[in-house]
Protein chains: 2
Amino acid sequence: MSTKHIIMSMLEIAPMTGYEIAQNLSTSVVPFWSATASQIYNALKSMKENNLVETENSIRGEKMNVEQYTLTDTGRKELDDWIQDDIQYIPIREPFLLWSSYMEKCTLEQALSVIDKHIEKFEKRARQLEEATYKIQTNEYKLMKMRSESTPKEKFKKIQMARAFAYGEIAAKARFEVEQAKRIRQFAYSFFSENDL
Amino acid sequence: MSTKHIIMSMLEIAPMTGYEIAQNLSTSVVPFWSATASQIYNALKSMKENNLVETENSIRGEKMNVEQYTLTDTGRKELDDWIQDDIQYIPIREPFLLWSSYMEKCTLEQALSVIDKHIEKFEKRARQLEEATYKIQTNEYKLMKMRSESTPKEKFKKIQMARAFAYGEIAAKARFEVEQAKRIRQFAYSFFSENDL
DNA sequence: GATCGCATGTAAATGGTTACATGATTCG
DNA sequence: CGAATCATGTAACCATTTACATGCGATC
C-alpha cells in the first residue's frame, strides 16, 4: 500500500497538517497517487501508532487546534526502504477501454458523449501536468520551492531532475490517453455508420 | 464497481461456473479488469441475492458438485444500463512512475533492476494482447468462438469489430508502457553518471 | 452575520487481498 | 498412486468510499 508512503514523501519535504497533505494531493498536482481526506487522517493515525510520524499540537488564531505531523527517523527509513523494494503493482483496471469494448450496446450519441467527456478530462490533466513539469524546471512549483529550502543545493538539483522527468512522463501518459480516445472517437463514427443509418 | 459487471459480461456469452469465470479473467486475456477467485465467488453470492444471476447445480463425474451461473433478465438489463451510464473512474494509481520520481533514493543497479522487471512485464503483456487481437479477428479466440455460437451472425460481426478494436488499443497502451520504461531506463543512466561516478 | 475555506475527525459500508480449508477428477 | 488442476468457498484483515459531524477564521 502506497498511500502511507506518499504521505511520508510529503512529510519529507516539510512538516505539515493533515489538511495540507490532502490539499497537496488534490489541488496541487501530485499526479501519481490520489487519496481522500478521511483516508489521509486514518493513515496518519495508524502511522502515528507505528511510530512513523510524530505530532505537535499548536494553536492557530485564538483557539483553533492544529496537528502538525513530522516524519520520524523510523518513517524516513521506511520511506527509503520502500523505494528499494520491488514495485507493488495494482490490479488492472481500465474502465474507459472496458466500456469501449462494449460499444455495440449503445448508440453513437451515447458513445460520443462518453468519449468526449473522457477527452476533456485527460486533456485538462495533460495540460496541468505539462505546466507543472515546466514549473518544476523553473523552480516555480510550490512543493519544490519548499523542498529547496530544506535540502542542500547539489542534492536538490538531483531531486529536481528526477521529479521533472517523472512529471514529463506522466504528462506524456495523459497525452497518450487523449490521443487514444480520439482514435476511439473515429472508430465510433465508422462503427455506427456501417449499415446502421 | 465493475467487478460485478465484468462477471455479467462473461455470463452474457454463456452460462459458466465461478471457476470458469476466474479462469477466463486470469489465464485467457481479458485485459480490462482483474479479479481474484475469492472475489468472484463473493460477487456471485451477492449477485444471486440481488437476483442478477441464477444457479443450477449439477454433478460432474461421480459426485463433484458444480454450480453453473446464468444471467437473469434483470442481470442483462443491469449490464445494458451500466454501459449507458457515465464511466466511474478509479483513483489515480501510478506505482511505477511514482517510484521513478524518487530515483535519487536508489543506486543505478537498483533502478535498472526495477525498470527491467517493468519492461519485461509489459513487454509480455503487450505481446499477449497483440496476439489476442489477431485471434479475435481470425475468430480463433476462445471466448469469441463461444459467443459466435450464441449470437446472430450480423450482431456477432459488430461485437467482433468492437472487441478487436478495444484489444488493439489496450495492446497499444501496454506498448506505450514499454516505450516509456525504456525512456526512463535511458534517463537513469544519465542521471546516475553525472558527477556520481 | 453569513458564507467560504481551514481543520479534524468518526462510523458504516463496501470492496479487495491473503490465507486457509476442503475435496474431486484427470492424467501420467 | 501422486501431482496437477478442477471446483467452491470462508475468515480475517486491510483499504477505500461516503456520509456525517463539528467548529474556527477570514472576509465581504
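A, B, ... follow the sequence lines: proteins, then strands. Residue 1 opens every chain. Basis for what follows: all heavy atoms, side chains included, without hydrogens, waters or symmetry-related copies.
- For the atom pair I92(A) CD1 and L25(B) CG, the distance stands at 10.5 Å (nearest 0.5 Å).
- Rounded to an integer number of Å, the gap from CD of Q23(A) to C1' of dT8(C) is 13 Å.
- In this structure, I92(A) places its CD1 atom 12 Å from P of dT17(C), rounding to the nearest Å.
- Which of dG9(C), dC6(C), dT25(C) sits closest to the side chain of M64(B) comes down to dT25(C).
- Here the OG1-CD distance, from T133(A) to E169(A), works out to 9.5 Å after rounding to the nearest 0.5 Å.
- Going from atom OH of Y41(B) over to atom P of dT17(C) covers 16 Å, rounded to whole Å.
- One N or O on the side chain of R93(A) and one on the backbone of S34(B) form a donor-acceptor pair closer than 3.5 Å.
- Checked against F165(B) for a ring pair (Phe, Tyr, Trp, His ring centres under 6.0 Å), the options Y102(A), F191(A), F187(A) give a single hit: F187(A).
- When the C1' atom of dC6(D) is taken as reference, atom CD of E20(B) falls 10 Å away, rounded to whole Å.
- Rounded to whole angstrom, the span from the CG atom of N65(A) across to the C1' atom of dG25(D) amounts to 14 Å.
- The CD-C1' distance, from Q88(A) to dT17(C), rounds to 11 Å in whole Å.
- Applying the side-chain contact (heavy atoms from CB on, under 4.5 Å) test to T138(A) and every residue at least two apart in sequence or in another chain returns Y134(A), E140(A).
- For E56(A) and dT8(C), the CD to P distance is 13 Å, given to the nearest whole Å.
- Checked by atom type and distance alone, the side chain of Q84(A) never pairs as donor or acceptor with a backbone atom of D81(A) at under 3.5 Å.
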With the criterion being N/O to N/O and under 3.5 Å, what pairs connect the protein with nucleotides 13-17 of chain D, and how long is each?
| from | atom 1 | to | atom 2 | distance (Å) |
| --- | --- | --- | --- | --- |
| dT16(D) | OP1 | R93(B) | NH1 | 2.4 |
| dT16(D) | OP2 | T3(A) | OG1 | 3.1 |
| dT16(D) | OP2 | Q39(A) | OE1 | 3.1 |
| dT17(D) | OP2 | Q39(A) | NE2 | 3.0 |

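- Close to dC6(C), at under 4.0 Å from its OP1 or OP2, lies a side-chain N or O of Y19(A).
- For the pair K48(B) NZ and dT8(D) P, the interatomic distance rounds to 12 Å; values are reported in whole Å.
- Geometric assessment of K173(A) against the ring of F176(B) yields a negative cation-pi assignment under the 6.0 Å and 45° thresholds.
- Using a 4.0 Å heavy-atom criterion, one finds that Y69(B) contacts the sugar-phosphate atoms exclusively.
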